[in-house]
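Below is one structure, written out as structure tokens, with a few remarks after it.
Order of listing sets the numbers, starting from 1, for every ligand and every atom in it.
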Amino acid sequence: MESNRSRLAVYPGSFDPLTNGHVDIIERGARLFDRIVIAILVNLDKQPLFSPEERKDILREVFRSKPNVEIETFNGLLVDYAEDRKADVIVRGLRAISDFEYEMQMALMNRRLNREIETVFMMPDERYTYLSSRLAKEVFALGGSISGLVPELVESRLRSKNIQHN
Ligand code: PNS
């Protein structure tokens, strides 16, 4: 890694939908690195609630005022995408010990695939330790409040999807 050029980080994920835990990690990453690219995985096997374009649109809107935060979609291997983008670092959030095993497996597999790209873990604010996109969707669908857990834009997009069951 050359020291006199700007550091680019990639923050990959499904973001279905974006939570305030993701927002917290992105803000930390944007302070630590010169640029951070949010890379939304287009996973054709999964049935997402929000299409990749909808997720991209939400992220663009939420980070509109942050010039060093870019939003893209990717498919295929993450390390290939990171290499194409000439990224130095993959950023992942670690909420709790329960995340550790899966994250370590991915980080070490990614290192095996490409030794040039480092994975950096960051811990979100403790308010978001128990938060996941899956739980936010479930609580919302069952009529519980997710206020403060996702950006307001995500709440309004969820409302317009009419997925509440009660
Ligand atoms: O938000 P998620 O679902 O925890 O993100 C998982 C993600 C997108 C980081 C992971 O599934 C991924 O990197 N997928 C791309 C395919 C790939 O590179 N697989 C090998 C990882 S070791």
for atom 15 (C) of ligand 1, nearest protein heavy atom and its distance come out as Gly76 O, 3.5 Å
Out of Ile90, Asp16, Asn110, the nearest non-hydrogen contact to atom 21 (C) of ligand 1 is supplied by Asn110
Smallest heavy-atom separation, Asp16 atom then Pro48 atom, equals OD2-CA, 3.3 Å
Q) Are there more than 12 heavy atoms of other residues, nucleotides or ligands under 6.0 Å from atom CE of Met122? A) yes
Excluding Tyr102, membership of its hydrophobic cluster (Ile, Leu, Val, Met, Phe, Trp, Tyr; side-chain heavy atoms within less than 4.5 Å) reads Met106
Value for CG (Leu78) from CZ (Arg92), rounded to nearest 0.5 Å, stands at 8.5 Å
Logged contact type for Leu41 with ligand 1, heavy-atom cut-off 4.0 Å, is side chain
Under 4.0 Å between heavy atoms, the region of Gln105 that gets near ligand 1 turns out to be neither
Candidates Met109, Glu103, Arg92; heavy atom nearest atom 5 (O) of ligand 1 found on Arg92
The protein heavy atom nearest to atom 19 (N) of ligand 1 is Leu77 CD2, 4.1 Å
>> Within 45 degrees of the ring normal and closer than 6.0 Å to the centroid, is that where the cationic atom of Lys161 sits relative to Phe140?
In response: no
For atom 18 (O) of ligand 1, the closest protein heavy atom turns out to be Leu78 N, 2.8 Å
- prompt: Is atom CZ of Arg111 surrounded by more than 12 heavy atoms (other residues, nucleotides or ligands) closer than 6.0 Å?
  reply: no
- request: Report the C-alpha distance between Ile40 and Tyr11 in whole Å, list the side-chain angles of each, state the deciding distance to 0.1 Å, and finish with yes or no for side-chain contact (heavy atoms from CB on, under 4.5 Å).
  value: CA-CA 8 Å; Ile40 304 164; Tyr11 180 47; over 6 Å; no
Ala107 touching ligand 1 at heavy-atom level, < 4.0 angstrom: no
Taking only distance into account, with no hydrogens and no angle test, what donor-acceptor pairs under 3.5 Å do side-chain atoms of residues 58-69 form with protein atoms, sequence neighbours excluded?
{"residue": "Asn68", "atom": "ND2", "partner": "Ala30", "partner atom": "O", "Å": "2.9"}
{"residue": "Asn68", "atom": "ND2", "partner": "Asp34", "partner atom": "O", "Å": "3.1"}

Atom 2 (P) of ligand 1 has as its nearest protein heavy atom Ser14 OG, 3.7 Å
among protein heavy atoms, the one nearest atom 10 (C) of ligand 1 is Met106 SD, 3.9 Å
| request: Before signing off on this row, confirm whether Pro12 and ligand 1 have an N or O atom pair separated by under 3.5 Å. | output: no
Is atom 8 (C) of ligand 1 touching the protein, meaning some protein heavy atom lies under 4.0 Å away?
yes
